[in-house]
Structure formats: structure tokens, C-alpha cells
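Chain naming here is simple, since letters A, B, ... match the order of the sequence lines and numbering starts at 1 in each. Just so we're clear, the structure is a prediction, and the values are computed from it rather than from any experiment.
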Amino acid sequence: MSDIKNPKVRFAPSPTGQLHLGSARTALFNFLYAKHHRGTFYLRIEDTDKARSKQEFVEQICTSMEWLGLKWDGEPLFQSTRLNEYHDVVQTLLENNTAYRCFCSKDVLETARAGGSYQYPGTCRDLSEEDIMMHMNSGKGFVVRLRVPEGETHFDDMIYGTVHVKHDEIDDFIIARSNGNPTYNLVVVVDDHEMEISHVIRGEDHISNTPKQILIYNAMGFTVPEFAHLPMILGPDKKRLSKRHGALGVQQFKDDGYLPDALLNYLALLGWNPGSDDEIFTLDELIASFEMSHVHKKGAVYDEQKLSWISGQHMSRLGTAKILEGIHAINGDWGEGFETQYLYEVLEQLKLRSKSLRDFIDQSSYFFSDPISYDEKSARKNWKDDTTSQIMNDYKKRIDSLELWDADVIEASLRKIAEENNLSAGKLIHPTRLALSGISSGPSLFTLMSILGKEVCIRRLTKALDIFPLES
RNA sequence: GGCUCGUUCGUCUAGGGGUUAGGACGCCGCCCUCUCAAGGCGGUAACACGGGUUCAAAUCCCGUACGGGCUACCA
């Protein structure tokens, strides 16, 4: 495969919705293939469905792709600007007799279909010149159909291998609607040819469109590109992932605080394997190891737990400055009023405990303000009675007198007072943590205290002494 | 219905004639430990089924079953 030179690929979403996980994966594989082989990655907006296409979706798709880091080369191509070209191709096909006008009404065909016939009966396939003129003159509407020849078509899919389809399984399908607009199968071919696409990489749902498109390539005398069909991403019900499976737009992952590299990493592992046991990759690493031959055919079920794990792995490898940048991108207020150095220390502690940027935000409140509520379960367990209060009070006084405020010193003083009272250190540690953070989990207590500072610790202990033990 | 593609632990996957069928997520246990994580160690769990071919089949072939996709004047 290393002899593939400068392939040209494209990602061709239709702007009828935001960028979804499935399309993002298709975009990623196109991107990886292009970059791995030093090729070109184009973006084409398939907006020929006027009724459903919206400008806002075009913007949303581009934004999502930029966020993911899937930068396309050149300017996006909009199909809506190319209607004339499509029209010309239809004319050429009509002229060389590889396509014909069909005057059958929609109703007639639907009735026929309802009767159990699945294929177009070929009514207008061999209309005489006179009949055509007559219909035209009477102002009757028509669609243009491709005249599918006898025989069979096969192609060598890079992932699925050779696929054969007999032509009698293929309808004389419509390439231009009665309103003159071209249909998908035609525009795809015309544009892929125009853009000199060498490798068409798309979802497996297009595998049965491929023979039809090859027929058009042949009818026009165009060179047929290589094809690679990607397996689908499935929901837990094993059906193709869709809106029904919940909010799975790329935008949502961004809002949930996932890192783009983590999402991409996860997506890459859905249907592809790196040929090693490695699982954590940056985008550049994915580009370096991507091989189409390692893409397999089976649909893969989307699993949020694994995404979350991968995300956590990325998080723990990321520098605190990058994390801070990411957090501020989704919440500009976070840590406002505190010095950057302080924020870095906070992030350093939370890194191994966070799967997403949201987790940092959700877990960090006590670094910025005194707890306003306390975990009741922990309070009842760890601060049972006045005995605890007494020792906590002693402990408060003890740390108040500390000259040097660092984790080791703080720890030593706590262990000493525990020993003096013949208690295990935990008997002091747990209530202290509760008093300082309001919860029972988090970073090492002594690190926490050193970060918070003496004054804050004393203040929070004082407040806790007022509150605990709770009334029974 | 027709066509087409697929089927290895619950999930993502490795393995493509001889393997104790490997790894990862999850789950469970242990270790570490001030908690929660992280990390380490261990455990749980799979070749859809039936026929062939072969000394030998998860692996090759044929069926069956099940699942996906397509079968639009959507893309």
C-alpha cells in the first residue's frame, strides 16, 4: 500500500443536520488515509436537496470538523453551484443514448410497486422519436433514466473485496428529476470526476449504490476511482447509529468536555486496529499508523464507557496549560480571580480523576470557595461525636501554629496529634477532608491543604466545628 | 420479497490450517493507600449452527440461522 501516491479523497456530508458521530468517523478515515499517503482531503457539501439543506448546518459541520482538527484542503465545493454541469452531463447521456426520458407518472409507478413489482417496468425505455416528440409537445413532465445495459458490474472494494452485481438487479434508475434537478448518484459521479477523486471512502450504506455509479462513469467514459466502504457504527441495538440513540452530534461531545483527540482516537478504533496493542493515539500518531488494510468489515457498536476511558487516558497525558485552555473554551469563568499558577496546581491534582473537561469543573468547586454543603453520610460516619470535635479543635490550633506550610509538615503534625491521642491517622484525616471539601473523596489531604493555604483551612475547620457533629 | 455485506468474550478487537484462542473497555477480587482516582497483579467471559475438505479447521468450501445495508423524482 505504500506505493499509493498522493491520493485525492473527499468527505461529502449533506447539510441536513449537524455532524454526527458516524459521519465524523467517515471524515476521519478519509483524512487519515489522505494524510498517511500525503494526499489531499477535500470537503464537498452535498446540498442538492433544497428542502432539507440549511446554511446553519453547513456552518455547524465546518465548525465541528475544525474543532476535531480535521482540516480540509482548499475551499469546500458546494453542489448547489454546479447545477449547470450536472445538466450538461444529463444532456450528454441523453445524446449518446445511455439515458432516456421517462414520461411515466409517479402515481402509475407507485401503483405498480404496490402490486409487488419492485423494478421499473421499462415502459419508456424504447419510445420512438415520434412518441417522445409527442409527449414533449404535449408539455408532459419527464424524468431521465439511465439505460442500464445487459451484463454485470463488479468492483474491488479496498475493504470488502470484489463485489459483483448483475445488471438485471439494477433498475433503470433516475438521474434527473422531473424538475430537472439531478439525483444523488449522478452528482456524486460528476463531482468525484471533476474533483479527480482517486479514492472514494464512504459508509457501507453506499455499497449498493456503487454499481449504479460505475454505470454512469462508464456511460460518460470517466475513469472509475477506487472504492473503500467503511463498516457502520451501531447503537446498542446493533442498528445503525442515529438520532434515535440519543444526542450523538459532535457538538455534544465538545460540550460534554471531551477532547477532540480523544474522540478521534476512539472513533479510529471503531472498525480499525493499529496492528499493535496500543490504544492511545494522538491525531498525528493515527496518521502515521493508519492502514486501510486494517479496517474490517463488521459494524461496531458505539460504547461510551470505552470512549470515557480513552478520554481519561488523554486527559492524564495532557499538560495542565492545555487542560486549562480546554476548560476555558467551554467555561470561561472557571477559576476566575485565582492565579494561573494556583489553577495549574488544582488541575494537576484533578488530572487523574477526570475523564472529561467537565469533570474538572464539576470536581473543583472547593478549591475556589468554602463548602456550602457537606456529605451527610461521611459526616455521620467520620465526625460522630464531640470527641472528634475536641481533637479537631486541637488539630486546628496545632496547624495554626505551623510556621512552614507544606504537605510534609502538615502531614507530620496530623500524624503526631493522632498518635498523642492514640488514634489512627484516618480518624483525623476523614473529618478534616470533610471540613475542607465537603465531600469524602479527592486528592491527597495534605496536598489539598498545602494548595488551599493555611488561612482557608483554618476558616473551614472553624466553620465545620460549628456544624459537626450533626444532630441525630 | 430481491440483491448485497457480515457473524471470535457483554462491547472494541488480535489471530487467516497445528495457539493453554491474545489484548483492551466493563465487571469482580487482591495489592498500593488518608478517601476517590490512577497504577500494579489476578479473575470472569467468545470462535452462531450444520455439513464437507484435511492427519489437523476459529482459520478453507458449501449450506442454514441470525443481523446490517440497499431496494425513492433523500443523500
*Is the side chain of A/Asp278 donor-acceptor paired with the backbone N or O of A/Ile280 at a distance under 3.5 Å, no angle test?*
no

*Pairwise P distance, B/rC66 and B/rA21 [rounded to whole Å]*: 31 Å

*B/rG10 and B/rA45: how far apart are their C1' atoms, nearest whole angstrom?*
9 Å

*Determine the interatomic distance between C1' on B/rG23 and the same-named atom on B/rG42; round to the nearest Å.*
16 Å

*How would you list all residue pairs meeting side-chain hydrogen bond (donor to acceptor under 3.5 Å, both in side chains) that involve residues 350-362 of chain A, not counting sequence neighbours?*
none

_I need the full list of salt bridge (charged side-chain N to carboxylate O under 4.0 Å, His left out) pairs touching residues 419-431 of chain A, with sequence neighbours left out, sorted by first then second residue._
A/Arg398-A/Glu420, A/Lys416-A/Glu420

*Do A/Ser178 side-chain and B/rC73 base share a donor-acceptor contact under 3.5 Å?*
yes

*Checking all strands, does A/Arg240 fall into the base, sugar-phosphate, or nothing category for heavy-atom contacts under 4.0 angstrom?*
sugar-phosphate

*What one-letter contact string describes nucleotides 3-9 of chain B from 5' to 3', where B marks a base within less than 4.0 Å of any protein heavy atom, S marks contact via sugar-phosphate atoms alone, and - marks no contact?*
SSSSSS-

*Please answer whether the main-chain N or O of A/Phe222 pairs with a side-chain N or O of A/His193 as donor and acceptor at a distance below 3.5 Å.*
no

_Which atom of A/Lys298 lies closest to which atom of A/Pro231, heavy atoms considered_ = O-CB, 3.3 Å

*Scan A/Asn181 against the nucleic acid and name what it touches under 4.0 Å (heavy atoms): base, sugar-phosphate only, or nothing.*
nothing

*Flag, side chain of A/Arg460 to backbone of A/Leu436, donor-acceptor distance under 3.5 Å*: yes

*Using the C1' atom as the reference point in each nucleotide, state the distance between B/rU8 and B/rA46 in Å, no decimals.*
6 Å

*asked:* Under a 3.5 Å distance rule, please check whether A/Thr81 uses its side chain to pair with a backbone N or O of A/Phe78 as donor and acceptor.
replied: yes

_A/Ser437 side chain to A/Arg433 backbone, donor-acceptor under 3.5 Å_ = yes

*Atom C1', compared across B/rC62 and B/rU54: separation rounded to whole Å*: 16 Å

*So, A/Asn273 side chain and A/Gly275 main chain: donor-acceptor pair closer than 3.5 Å or not?*
yes

*May I ask you to check whether over 12 heavy atoms, not counting those of A/Asp385, lie within 6.0 Å of atom CG?*
yes

*Tell me what A/Val143 touches on the nucleic acid: a base, only sugar-phosphate, or nothing, going by heavy atoms under 4.0 Å.*
base

_Sequence-aligned protein contact record of nucleotides 21-36 of chain B, with B where the base is within under 4.0 Å of a protein heavy atom and S where only the sugar-phosphate is_ = --SBSS-------BBB

Review item, nucleotides 45-48 of chain B N/O atoms under 3.5 Å of protein N/O:
none

*Contact list for RNA chain B against residues 258-273 of chain A - heavy-atom distance below 4.0 Å*: A/Leu269, A/Leu270, A/Gly271, A/Asn273

*B/rG6 and B/rU59: how far apart are their P atoms, nearest whole angstrom?*
15 Å

_Residue whose nearest RNA chain B nucleotide is more 5′ - A/Asn185 or A/His294_ = A/His294

_I'd like to know if the side chain of A/Ser440 and the backbone of A/Ser378 have a donor-acceptor N/O pair within less than 3.5 Å._
no

*Does A/Ser80 offer a backbone N or O that forms a donor-acceptor pair with the side chain of A/Asp47 under 3.5 Å?*
yes

_Worked verdict on A/Glu376 versus A/Lys381 for salt bridge (Lys or Arg N to Asp or Glu O under 4.0 Å)_ = CA-CA 8 Å; A/Glu376 188 176 333; A/Lys381 182 179 173 195; over 6 Å; no

